[in-house]
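Working notes, structure below.
Proteins get letters first, then strands, A, B, ... in listed order; numbering begins at 1 in each.
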Amino acid sequence: GAGVSQTPSNKVTEKGKYVELRCDPISGHTALYWYRQSLGQGPEFLIYFQGTGAADDSGLPNDRFFAVRPEGSVSTLKIQRTERGDSAVYLCASSSGLAGGQGELFFGEGSRLTVL
Amino acid sequence: RKEVEQDPGPFNVPEGATVAFNCTYSNSASQSFFWYRQDCRKEPKLLMSVYSSGNEDGRFTAQLNRASQYISLLIRDSKLSDSATYLCVVAKSGNTPLVFGKGTRLSVIA
């Protein structure tokens, strides 16, 4: 497809388990972002990749969260030892990374994570 | 103080009404400003960028006041399809991450 694809769309897991969320950005987009959104809140920045490298990971809440983008395309967000407070919609977005185009992020439909 | 603050609403307005949303941001170094729209249980989508000179796109007008660190969105002749959450978004510059407000919920009623 032409848009940002995220899998799984829904994930229910138990407290303490490990979770991986995948994002396939728009082809050719060099910039990739992970946000998370809780009910009634705006998207909260987690991490941003330019190519393969994490350009800014200042939003990751703690060391249980990690993300990779080994070939500069698909990215995986990894959450270890999940806690109930991790429950949210995890949104991935990509952009062309070109000057002036940074403002338009194209979001995927999100992965809804529920930690029981 | 949150970096981007918005009145969460909801704003309930009749069709045809004019409605205005306001947003303030705390970082005076911010350079880029946007409004995104998010429908219920959907992903956010860019509605419009906000320029210093103000800009208009059909029924939508965005204004920026750098001195007061204030951004506004005006919607004229509201349609039922305008019902959504409107997110105020700010970035420092270049490829710095976008910072989103909590959003303002609008319901346009027939």
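Closest approach of A/Leu91 and B/Pro44 over heavy atoms only: CD1-CD, 4.1 Å.
A donor-acceptor contact closer than 3.5 angstrom links the side chains of A/Gln50 and A/Thr30.
Only the side chain of A/Tyr35 comes within contact range of chain B, judged by heavy atoms closer than 4.5 Å. Heavy atoms closer than 4.5 Å to chain B are found nowhere in A/Glu44, neither backbone nor side chain. There is no contact between B/Gln6 and chain A, counting heavy-atom distances below 4.5 Å.
Between the side chain of A/Thr82 and the main chain of A/Lys17, a donor-acceptor pair closer than 3.5 Å is present.
A salt bridge is defined here as a Lys NZ or Arg NE, NH1 or NH2 lying under 4.0 Å from an Asp or Glu carboxylate O, and B/Glu3 with B/Lys92 fails to meet this definition.
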